[in-house]
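Chain naming here is simple, since letters A, B, ... match the order of the sequence lines and numbering starts at 1 in each. These numbers come from the heavy atoms of this one structure, side chains and all, not from hydrogens, waters or symmetry mates.
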Amino acid sequence: MSSSEADLDRVVPAEWSVTDDDEALAALVNLVVVLADNKFFLGRRFSEWLSGGPSLESAVALAAIAQEELGHARALYPLLEEMPLVDTPGPLQRGAERERKYCLSCLGAPWEWWADVVAALILVDPALTILFRALEDSRYDDLRQRAARVPSEEVFHRKYAEGRLRDLARTEQGRETLQRRIDWMLPEVLMWFGPSEEPGVAALKSEGLIKLDNDEMREAFQEDVFSILEENGLSVEVGELPWKRWNSLQRRVE
Amino acid sequence: MKAERDQEYYDVFARRKAEEPLEHIGTVGASEPSDAEVFAFKLYDQWKWTEQFVARRADIIEVVRTP
């Protein structure tokens, strides 16, 4: 192939300097929409429980957390328009703008239990934060700058999450309800970091766009949240993860 | 089933500028200091405070109280 033919074949235009690796670019588009959609639906699910919180204080704090999650999503969506690809997924404003959603299936429908809110606060939100932390040194400036503001806001989310966890886990009935919701969410959250040595994440890492691989992110998550769950009498045993039901594009269990 | 532990009152204090006196701006009910910190930060966000504190009401020593 001549150099001019090679130029025609390139998916990544030369003027977009973040990466010239097609696999890394595809993985980057997926990473941004997956982060944004998960933040969007996490905020949306929290917002549905604003009048269901146990006290005025916890309801108002949850409202602020929901607003921040939606804000993180809104900060990410414009990046998709910068990507040198046609047909990148569009932003969500109400949630129904496109059929294909890139969020965890546990965020896909309204929750029945306050314990779902608590489980998502202590599992989903910290999982997303692990990924934002892995982007803090990314070569992609616009993404790195947006990612940098997230962990500082998440400090208060985490304190709130731990308080709600202790509230529920103090009684046998509360602990059992919470354990059922954790058993439902945890396998999918662990899988969300992707299978070991996933080619897209490997391409992102080799291009300096993310600093952790799939297993490193999963281990960081386990180290971050398992001890607080166990301290409150909750089990983190998940058995074999159902990878056959894993949708690697939408990063969710089917 | 109550979804929260028993709560206590915490008084919330803040100042907007370093040279301004600390003001009592309200209270929050919380089961532990960490919750009081989060609730105060999220409830009393009407200003960009330079300092904000919470103190468990039971720990405040009453010196004078006029009936």
- Query: Looking only at heavy atoms, which of residues 22-32 of chain B get nearer than 4.5 Å to chain A?
  - Reply: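 Residues in range: Val28(B), Gly29(B), Ser31(B), Glu32(B).
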- Residues of residues 37-46 of chain B under 4.5 Å from chain A (heavy atom pairs)?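 Expected list: Glu37(B), Val38(B), Phe39(B), Phe41(B), Lys42(B), Leu43(B).
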- Task: With a 4.5 angstrom heavy-atom cut-off, could you sort out which part of Glu68(A) is near chain B: side chain, backbone, both or neither?
- Result: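 For Glu68(A), the contact with chain B is made by the side chain alone.
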- Is the NZ or CZ atom of Arg144(A) positioned over Tyr140(A)'s six-membered ring, under 6.0 angstrom from the centre and within 45° of the axis?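 No, a cation-pi geometry is absent between Arg144(A) and Tyr140(A).
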- Cation over ring face, Arg57(B) and Tyr9(B), 6.0 Å, 45°: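 Positive - Arg57(B) is close enough to the ring of Tyr9(B) and near enough to its axis.
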Salt-bridge present ([X], [Y]; N to O < 4.0 Å):
X: Asp35(B); Y: Lys159(A); answer: no
X: Arg65(B); Y: Glu62(B); answer: yes
X: Asp37(A); Y: Arg252(A); answer: no
X: Arg133(A); Y: Asp224(A); answer: no

- Query: Going by atom types only, do Asp59(B) and Tyr10(B) share a side-chain donor-acceptor pair under 3.5 Å?
  - Reply: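 Looking only at side-chain atoms, Tyr10(B) and Asp59(B) do not form any donor-acceptor pair under 3.5 Å.
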- Task: Classify the side-chain pair Asp183(A)/Gln179(A) by whether it contains a donor and acceptor separated by less than 3.5 Å.
- Result: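 Short answer, yes.
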- Message: As a quick check of understanding, evaluate side chain to side chain contact (heavy atoms under 4.5 Å, CB included) for Thr129(A) and Phe221(A), giving each step before the final call.
- Response: CA-CA 9 Å; Thr129(A) 304; Phe221(A) 168 77; over 6 Å; no
- Query: Does the salt bridge (charged side-chain N to carboxylate O under 4.0 Å, His left out) test come out yes or no for Arg218(A) and Asp215(A), once each step is laid out?
  - Reply: CA-CA 5 Å; Arg218(A) 194 166 14 252; Asp215(A) 289 334; 2.8 Å; yes
